[in-house]
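Just so we're on the same page: letters track the sequence lines, and every chain starts at 1. Model, not experiment: these values are computed from the prediction.
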Protein chains: 2
Amino acid sequence: MSVDMVVVPPVSDRQPDAQVGEVAQSSASKALAVLEAISRARGSSFGVTEVAADVGVPKSTAHRLLKTLEKHGFVGRSGSRYRVGGSFFELSEAARWSEFGELRDTAARPLNWLFERSDAAAVHLAVLSGRDVLYLDKITRPAGTRLPSRVGGRFPATCTALGKAILAHSPRATVADVIGEPLARITPYSVALRQQFVLQLSKARDAGYAIEREEACHGTVCVAAPIMRDGAAVAAVSLSVPTLTATRGGAADLPALGRLLVQASTEISRSLPLA
Amino acid sequence: MSVDMVVVPPVSDRQPDAQVGEVAQSSASKALAVLEAISRARGSSFGVTEVAADVGVPKSTAHRLLKTLEKHGFVGRSGSRYRVGGSFFELSEAARWSEFGELRDTAARPLNWLFERSDAAAVHLAVLSGRDVLYLDKITRPAGTRLPSRVGGRFPATCTALGKAILAHSPRATVADVIGEPLARITPYSVALRQQFVLQLSKARDAGYAIEREEACHGTVCVAAPIMRDGAAVAAVSLSVPTLTATRGGAADLPALGRLLVQASTEISRSLPLA
DNA sequence: CCGCTGGTTCCGGCGAATGGAACGGTCGCC
DNA sequence: GGCGACCGTTCCATTCGCCGGAACCAGCGG
């Protein structure tokens with residue numbers, strides 16, 4: 001009715017839905033709440049009563065909803081213990097794609113170029129998700145060093161070059177949100193002080209690329225550059241190299257890698273579809 | 001708890017109506033149907049009207065359901081085009097614990113073994129879901145041929161070695177269900193005649209592995225072996241190789257691959273938890 | 001400028017969701 | 001082995017929120 005309504009395409013306004021419980025009293029909402037409850041139960045399965053308690057509805061209702069969910073394959077069960085079902089698996093894979101598919105696609109070629117051009121141990125593509133980076137793609141040498149990253153996996157953003165590169169070009173609020181809680185300390189070198197972190201962000205902004213030295217994983221340093229869209233970072237690409245090759249002068253100097261990265265990331269940003 | 005459970009969910013309750021599916025008239029069911037509809041929209045997003053048409057409900061209802069789904073983060077939107085939402089991302093780890101979790105986990109190691117042992121272009125793990133195979137896992141060479149498969153994706157069962165391997169060791173009713181409608185013709189080589197298909201199943205049963213020659217994808221042939229539990233196939237593993245290496249004698253002869261597969265699939269079946 | 005397509009909102013009537021209560025199976029404690 | 005507590009499942013009358021046709025906007029193309 002009124003005019004100040006958001007019809008805005010670019011920025012997705014995310015409600016800070018930190019609230020727990022109190023599902024709206026609609027059948028659909030309750031069903032979804034049940035789904036959420038079950039998916040929260042990592043590993044272990046749920047019984048009807050537990051679900052009912054968790055969601056806050058009578059047993060019979062929970063039971064009915066579970067049967068509905070089961071009919072659609074969103075939950076499955078062994079005996080009478082319920083777990084998330086096959087449809088859930090399908091959808092989560094589909095979500096991976098529909099949300100980041102185009103990003104992955106446009107990035108694929110530059111990523112390969114980067115991989116061949118440098119002789120880094122690995123190249124990564126990631127986005128920011130909450131306080132973590134979420135890895136979208138990864139290329140490694142077959143015999144490469146084992147890195148803790150996994151496509152679809154997460155890692156505390158503040159401990160990675162990827163996270164720094166993205167945050168360096170993100171709105172204040174986003175940064176504040178990420179460093180709102182104590183910074184994760186994965187290795188002894190992980191940045192622990194907010195002030196220091198913010199300083200690094202500003203350096204990264206100036207240089208165009210961010211650096212991380214063994215803050216995520218012993219023995220590897222990373223360089224990363226942001227992928228931009230509409231003036232804000234939406235993702236980042238990174239190169240990982242063993243500490244040794246990075247420090248023992250010559251072979252791989254970080255600024256050179258940085259330039260390579262900027263080249264690649266700019267190319268990706270440029271060819272990214274607009275909307 | 002005499003659980004005779006099978007891992008495959010949405011198989012047998014086939015509603016008489018096959019077309020645009022008259023969902024049960026419950027708010028929850030409709031919401032889930034909407035979710036499914038949206039996830040089917042690979043790549044492109046859905047508008048309210050399209051969803052309404054696809055699910056078979058009036059616009060207003062579709063709209064209301066979409067809003068509910070959005071509130072829970074199960075769908076997201078850009079402007080007013082809807083797509084599957086972030087919640088599935090957040091919970092994508094949970095999907096690892098779905099009913100397919102243990103299957104994927106126990107299969108992981110043998111799958112890798114298979115991949116390294118053969119020099120196939122790809123190895124797949126899949127289950128039967130309706131008339132399709134549902135890919136649970138996939139390993140490919142970085143520079144490998146592009147295959148149409150995707151983890152979480154589907155493909156008509158009758159056009160794949162995976163499907164044949166599973167169906168060869170499935171109850172009559174299941175087979176009848178799958179070949180009840182006209183067989184899909186993806187390539188000119190796809191098996192179109194039921195009789196021929198059934199013959200292939202019996203051959204596959206005898207040999208222990210199934211073969212598919214460019215019936216799913218030009219230029220690749222596949223071999224697959226079933227993973228058994230309680231005397232019935234619950235999944236299958238496959239190797240894909242380019243047609244050239246397969247036909248130009250020597251390098252990769254199919255029976256050899258078959259033996260490799262049977263070894264791996266037997267190992268998986270053996271180490272699969274019972275109930 | 002007007003008609004059209006597609007998204008969003010409203011509202012009354014009615015059917016579907018609700019949840020308390022009862023049933024039956026299973027486990028484990030005594 | 002018997003008993004009791006717990007849990008999943010079913011039933012049913014009541015009521016409450018969903019349903020969906022219709023009206024309202026907004027953007028587009030002719």
Between Val48(A) and Ala28(A), which residue's closest nucleotide on DNA chain D lies nearer the 5′ terminus?
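Counting from the 5' end, the first nearest nucleotide belongs to Val48(A).
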
Just how far, in rounded Å, is [atom2] of [N] from [atom1] of [X]?
{"X": "Glu50(B)", "N": "dT5(C)", "atom1": "CD", "atom2": "C1'", "value": "12 Å"}
{"X": "Leu66(A)", "N": "dC7(D)", "atom1": "CG", "atom2": "C1'", "value": "13 Å"}
{"X": "Lys67(A)", "N": "dG19(C)", "atom1": "NZ", "atom2": "P", "value": "17 Å"}
{"X": "Leu32(A)", "N": "dA17(C)", "atom1": "CG", "atom2": "P", "value": "14 Å"}
{"X": "Leu65(A)", "N": "dT9(D)", "atom1": "CG", "atom2": "P", "value": "13 Å"}
{"X": "Lys30(A)", "N": "dG19(C)", "atom1": "NZ", "atom2": "P", "value": "5 Å"}
{"X": "Arg64(B)", "N": "dG20(D)", "atom1": "CZ", "atom2": "P", "value": "8 Å"}

Side-chain donor or acceptor of [X] under 3.5 Å from a matching atom on the base of [N]?
{"X": "Lys59(A)", "N": "dG19(C)", "result": "no"}
{"X": "Ser27(B)", "N": "dG17(D)", "result": "no"}
{"X": "Thr49(B)", "N": "dG6(C)", "result": "no"}

Select base, sugar-phosphate, or nothing to describe what Ser60(B) touches, counting heavy atoms under 4.0 Å on all strands.
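Base: the residue Ser60(B), judged by heavy atoms under 4.0 Å, touches a nucleobase.
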
Choosing from dT8(C), dG8(D), dT9(C), which nucleotide comes nearest the side chain of Tyr82(B)?
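The answer is dT8(C), which lies nearest to the side chain.
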
Side chain of Pro58(B) only, heavy atoms from C-beta on: which candidate in dG19(C), dC18(D), dG21(D) is closest?
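Among the listed nucleotides, the one closest to the side chain of Pro58(B) is dG21(D).
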
Regarding Ser78(A) and Arg83(A), do their side chains bring together a donor and an acceptor under 3.5 Å, going by distance alone?
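Arg83(A) and Ser78(A) do have a side-chain donor-acceptor pair below 3.5 Å.
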
Is any side-chain N or O of Thr61(B) closer than 4.0 Å to OP1 or OP2 of dG20(D)?
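True: Thr61(B) side-chain N/O within range (under 4.0 Å) of dG20(D) OP1/OP2.
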
Just to confirm, is there a sub-4.0 Å distance from OP1 or OP2 of dT8(C) to any side-chain nitrogen or oxygen of His63(B)?
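For His63(B), the contact criterion (side-chain N or O under 4.0 Å from OP1 or OP2 of dT8(C)) is met.
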
Please check if the side chain of [X] supplies one atom and the backbone of [Y] the other of a donor-acceptor pair under 3.5 Å.
{"X": "Ser238(A)", "Y": "Ala224(A)", "value": "no"}
{"X": "Thr106(A)", "Y": "Leu103(A)", "value": "yes"}
{"X": "Arg205(B)", "Y": "Ala165(B)", "value": "no"}

What class does the angle between the rings of Phe89(A) and Phe100(B) fall in, given that below 30° is parallel, 30 to 60° is tilted and above 60° is perpendicular?
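Judged by the thresholds at 30° and 60°, the geometry between Phe89(A) and Phe100(B) is perpendicular.
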
